[in-house]
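To find a chain, count down the sequence lines: A is the first, B the second, and so on, and within it residues start at 1.
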Number of protein chains: 2
Amino acid sequence: MTTRDDATRGAKVAVRDRVLRAALAAFEDKGPDRVRVQDIASRAGMSSGHVLYYFRDRDRILISTLLLSEESLAERRDRAVRRASDAAAALDQLTRLYLPTGPRDVRWALWAQVLARPPEDIATRDRLQELANAWTLCIAALLQPASPPDGLAAASLYCHLMDGLAMEVLLGASGHGRAWAVREAAAGLAALAR
Amino acid sequence: MTTRDDATRGAKVAVRDRVLRAALAAFEDKGPDRVRVQDIASRAGMSSGHVLYYFRDRDRILISTLLLSEESLAERRDRAVRRASDAAAALDQLTRLYLPTGPRDVRWALWAQVLARPPEDIATRDRLQELANAWTLCIAALLQPASPPDGLAAASLYCHLMDGLAMEVLLGASGHGRAWAVREAAAGLAALAR
DNA sequence: CGCCAGTCTAGAGTGTCGTTCTAATTCTCG
DNA sequence: CGAGAATTAGAACGACACTCTAGACTGGCG
């Protein structure tokens with residue numbers, strides 16, 4: 001049994017979701033900075049005005065898409081951890097999931113957009129921060145048993161190291177693609193989890 | 001004795017420089033994303049059309065300003081190294097110079113802008129990459145004597161760790177300001193240079 | 001000296017967006 | 001059903017980067 005509020009809220013969520021999926025698809029083939037609100041609207045089969053009726057402005061679409069993208073990646077992360085044979089294998093998988101697939105990686109491109117113009121309200125910034133924290137906690141759990149006294153500190157350092165590597169991949173300089181980042185990360189993990 | 005070409009070239013450089021200084025000043029009080037070409041032009045005492053006669057587009061102003069800003073920071077870096085009493089003190093100084101002063105740090109804000117829309121041509125991207133490499137080399141030289149076989153690898157990891165920390169400071173989440181980043185960096189250095 | 005070619009400069013013009021407004025349609029509930 | 005609220009499309013608006021145009025300046029050469 002659903003009340004009116006529940007029903008309309010459900011519909012709203014569905015429309016929002018349709019927009020976000022359209023946005024994600026658009027970002028994948030053009031890069032977030034080249035995608036216009038109109039592009040997203042067309043893909044979602046609605047007018048640009050309507051898109052902005054649901055998301056107050058373009059930036060909110062970016063942030064919401066990032067949130068969606070992180071959410072689905074988090075699921076893959078948790079599944080990978082569960083399936084991994086041992087901690088080392090899990091860490092390897094997580095590293096590969098976390099690092100960008102290349103200079104055009106949508107998730108990282110969205111992070112770059114957000115960092116270029118961070119949200120005004122602290123609440124949203126803190127919420128984005130939480131996304132990073134979740135990875136740190138997950139990695140800390142894997143590091144804890146075998147490692148230095150404070151696995152959390154090491155995990156935090158490792159995550160930030162990967163952030164730095166990701167940014168460099170995003171820049172797209174020659175010789176600094178995903179493969180390079182994976183190698184650097186492996187070296188970093190070895191040094192930090194000692 | 002200067003030929004006509006030398007003279008005009010010198011004048012060109014002077015005008016470009018005036019624009020870049022105006023841009024830097026503007027970025028400092030509004031953040032690069034909020035500064036319009038017109039703002040820069042006003043500060044430099046010229047028309048916006050004229051600014052774009054020297055820099056083909058807005059992005060080139062951002063990149064050139066970043067280059068200028070990195071250049072002056074590199075000088076401070078080299079001076080700090082020369083003046084430091086020992087390697088540990090030098091590393092501490094370098095870390096403080098490298099990390100952002102806060103969420104509004106102009107240099108890092110410019111990096112964020114560039115990463116959000118990386119230059120089309122590989123040459124420019126490689127040139128930006130070189131800026132990072134210079135820091136790595138500088139740190140490697142300080143790490144080399146006292147450290148693991150490969151100081152360069154450790155230096156690279158440390159730089160990327162700081163990049164990641166910087167990005168998080170830029171995001172501006174609560175509790176993740178400069179002081180936090182400096183602490184994390186210190187912990188990271190201890191772990192990496194072991 | 002006086003013209004010519006090239007460069008510099010301001011400012012108006014143009015096109016592309018994000019965003020807001022308006023008016024119409026559809027839904028919800030009494 | 002009918003009032004009012006929510007939804008929708010599309011036109012209108014404003015801001016901005018970038019381009020164009022026309023005039024001013026400069027330095028060389030007859």
- Item | Summary of salt bridge (Lys or Arg N to Asp or Glu O under 4.0 Å) pairs that have at least one residue in residues 70-83 of chain B, sequence neighbours excluded |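 For residues 70-83 of chain B: B:Glu70-B:Arg107.
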- Item | Within residues 154-176 of chain A or reaching into it, pairs that qualify as salt bridge (Lys or Arg N to Asp or Glu O under 4.0 Å) - sequence neighbours excluded |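 Listed by first then second residue: nothing to list.
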Atom pairs and distances, side-chain donor-acceptor, residues 61-68 of chain B, under 3.5 Å, sequence neighbours left out:
| residue | atom | partner | partner atom | Å |
| --- | --- | --- | --- | --- |
| B:Ser64 | OG | B:Arg60 | O | 2.8 |
| B:Thr65 | OG1 | B:Ile61 | O | 2.6 |

- Item | Cluster companions of B:Leu152 among Ile, Leu, Val, Met, Phe, Trp, Tyr (side-chain spacing under 4.5 Å) |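 Via sub-4.5 Å side-chain contacts, B:Leu152 links to B:Leu137.
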- Task: Could you list the residues that satisfy salt bridge (Lys or Arg N to Asp or Glu O under 4.0 Å) with B:Glu184, not counting sequence neighbours?
- Result: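 Listed in chain order: nothing, the list is empty.
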- Those residues of residues 29-41 of chain A lying under 4.0 Å from DNA chain C by at least one heavy atom: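 Going residue by residue through residues 29-41 of chain A, the ones with a heavy atom under 4.0 Å of DNA chain C turn out to be A:Arg36, A:Val37.
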Rounded to whole angstroms, how far apart are [atom1] on [X] and [atom2] on [N]?
X	N	atom1	atom2	value
B:Phe55	D:dT19	CZ	P	16 Å
B:Arg117	C:dC17	CZ	C1'	13 Å
B:Tyr54	D:dT19	OH	C1'	18 Å

- Any ring-ring contact (aromatic ring centres under 6.0 Å, His included) pairs touching residues 166-194 of chain B, not counting sequence neighbours?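 Pairs touching residues 166-194 of chain B that pass the test: A:His160-B:Trp180, B:His176-B:Trp180.
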When you compare the protein's N or O atoms with those of nucleotides 20-25 of chain C, which come within less than 3.5 Å of each other, and at what distance?
none

- Query: Hey, is B:Asp39 close enough to B:Arg43 for a salt bridge, meaning N to O under 4.0 Å?
  - Reply: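 Looking at B:Asp39 and B:Arg43, the cut-off is not met.
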- Among residues 58-69 of chain A, which contact DNA chain D at a heavy-atom distance under 4.0 Å?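 Contacts with DNA chain D under 4.0 Å: none.
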Please pick, from [options], the nucleotide with the shortest atom-to-atom distance to any side-chain atom of [X].
X	options	value
B:Tyr53	D:dC18, C:dA10, C:dT9	C:dT9
A:His50	C:dC8, D:dC18, D:dA9	D:dA9
B:Lys12	C:dA10, C:dC8, D:dA9	C:dC8

- Sequence neighbours left out, what passes side chain to side chain donor-acceptor pair (under 3.5 Å) with B:Ser47? Give chain and number order.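 Listed in chain order: nothing, the list is empty.
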- Message: I'd like to know if the side chain of B:Arg178 reaches the main chain of B:Pro100, judged simply by a donor and an acceptor atom lying under 3.5 Å from each other, with no hydrogens or angles considered.
- Response: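 A pair under 3.5 Å: yes.
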- Give every residue pair that meets the side chain to side chain donor-acceptor pair (under 3.5 Å) criterion with at least one member in residues 18-28 of chain A, sequence neighbours excluded.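 Checked against side chain to side chain donor-acceptor pair (under 3.5 Å) - neighbours excluded - the pairs reaching residues 18-28 of chain A are A:Asp17-A:Arg21.
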- Query: How would you list all residue pairs meeting side chain to side chain donor-acceptor pair (under 3.5 Å) that involve residues 130-139 of chain A, not counting sequence neighbours?
  - Reply: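 Qualifying pairs: A:Gln129-A:Asn133, A:Glu130-A:Asn133.
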- So which one's nearest nucleotide on DNA chain D is more toward 5', B:Asp57 or A:Met46?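 By nearest-heavy-atom nucleotide position, the 5'-most residue is A:Met46.
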